[in-house]
There are 2 protein chains.
Amino acid sequence: MRIGELAERAGTTTRTLRYYESRGLLPARRAENGYRSYDEGDLRLLQQIRTLQDFGFDLEETRPFVDCLRAGHPAGDSCPASLAVYRRKLDELDALIGQLRSVRAEVGVQLARAELEASAGLPGGPAPRCELGGQP
Amino acid sequence: MRIGELAERAGTTTRTLRYYESRGLLPARRAENGYRSYDEGDLRLLQQIRTLQDFGFDLEETRPFVDCLRAGHPAGDSCPASLAVYRRKLDELDALIGQLRSVRAEVGVQLARAELEASAGLPGGPAPRCELGGQP
DNA sequence: CCTTGCCTTGACGTCGGCGTCAAGGAATAC
DNA sequence: GTATTCCTTGACGCCGACGTCAAGGCAAGG
């Protein structure tokens, strides 16, 4: 099949496929007229790449999976290098999630504090005014 | 004070300050010789920006906080526009954390499965070999 | 023959937040 | 004078994963 059909079947664009080829990730055979020519195996490779991309893997991180499939293994993650990428990604995700949760907590605290101060500073505001009134 | 001192006191670079000025975020007065001139108030504005940046806020998202401070309010988040940014950021963080947790779970599952299949497919591997042996 | 629609390569644009280099002016130290 | 260190503006580089446009080739339908 040609590049347009592969792109459509994989839900991506021809530009993306040419980009992958330029990165050496998904090289294409060529027909006599110079057109790129792909088969069903290429579709599987491409699907593997897109799945990992959807998970947020960098393009380079998908390479071991593609190599693994191309080497004849039943799945992209049937090779140790792929498993290593999985593990590294899990660590990255854990670290990132931890950071984001920390930030989320801090922002939440700041919002609550700022809202409190706003209602306290508002004359006649919704909060009960205690002995701390701004203008006596 | 001049740009170098402000940068150092805020733990950033002169390039960054010129960038903020180019974005209209932190304009500077000028001395007679054309040098940028900052005061302690500018340091506060800058600290506000850096704090939010460290939290992962976009530069544009810090603008309401800076405007708020510059308008004479006691804190950058004393204004409704700043609170709105806080709330929007919380929503973004929640959504992002949710996605990442979902991805983390899925990757974890894939890793576990791939490890299982690897140990099952390995002849003499660590797992007990059942009736599914590859080469009889 | 001509149009249409696919394909080719090449090259520049995008986004954010700066880094880095270049060429030259200004203030201070010696 | 000159050496140093600060400052100025301007402009290009970077990163990742493509988008988009340009100029032109190839095949098929009418």
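Residue numbers start from 1 in every chain, and the chains themselves are labelled A, B, ... in the order their sequence lines are given, proteins ahead of strands.
When each of A:G4 and B:D58 is assigned the nucleotide of DNA chain C bearing its nearest heavy atom, the one mapping closer to the 5' terminus is A:G4. Mapping B:F57 and A:E5 onto DNA chain C by nearest heavy atom places A:E5 at the nucleotide closer to the 5' end.
Residue A:T14 places no side-chain N or O under 4.0 Å from the OP1 or OP2 atom of D:dG19. Phosphate proximity of C:dG16 to B:Q53: absent, as no side-chain N or O sits under 4.0 Å from OP1 or OP2. Distances shown here put every side-chain N or O of B:T13 at or beyond 4.0 Å from the OP1 or OP2 atom of C:dC18. Under 4.0 angstrom from either OP1 or OP2 of C:dC18 there lies at least one side-chain N or O belonging to B:R50.
Following rounding to the nearest Å, B:E61 (CD) and C:dG16 (P) show an atom-to-atom distance of 11 Å. One can place CD of A:E8 at 15 Å from C1' of C:dC7, the figure rounded to the nearest angstrom. B:L59 has its CG atom 9 Å from the C1' atom of C:dC18, to the nearest Å. Note: CD1 (B:I3) to C1' (D:dT9) measures 12 Å, nearest angstrom. Taking atom CD of A:E60 as the reference point, atom C1' of D:dC18 lies 15 Å away to the nearest angstrom. Separating the CE atom of B:M1 from the P atom of D:dC6 is a distance of 16 Å, rounded to the nearest angstrom. Here the P atom of nucleotide D:dG16 and the CG atom of A:L52 are 17 Å apart, to the nearest Å. Across the protein-nucleic acid pair, A:L17 atom CG and C:dC6 atom P stand 15 Å apart, rounded to whole Å.
B:R18 pairs by the salt bridge (charged side-chain N to carboxylate O under 4.0 Å, His left out) definition with nothing, not counting sequence neighbours.
If you check residues 19-40 of chain A against DNA chain C, the residues with a heavy atom closer than 4.0 Å are A:R30, A:G34, A:Y35, A:R36, listed by number.
When atom types are taken as modelled, the side chain of B:S37 and the backbone of B:A31 share no donor-acceptor pair closer than 3.5 angstrom. Formation of a donor-acceptor pair under 3.5 Å by the B:S82 side chain with backbone atoms of B:G76 is found in this model. Formation of a donor-acceptor pair under 3.5 Å by the B:D58 side chain with backbone atoms of B:E60 is not found in this model. Panel note: side chain B:H73, backbone B:C68; no donor-acceptor pair is recorded below 3.5 Å.
Side-chain atoms of A:R18 and base atoms of C:dT8 include no donor and acceptor less than 3.5 Å apart.
When side chains are defined from C-beta on, B:R36 does not count as touching B:D42, because their heavy atoms never get closer than 4.5 Å.
Summarising the local packing, CZ of B:R50 is surrounded by more than 12 heavy atoms from other residues, nucleotides or ligands at distances under 6.0 Å.
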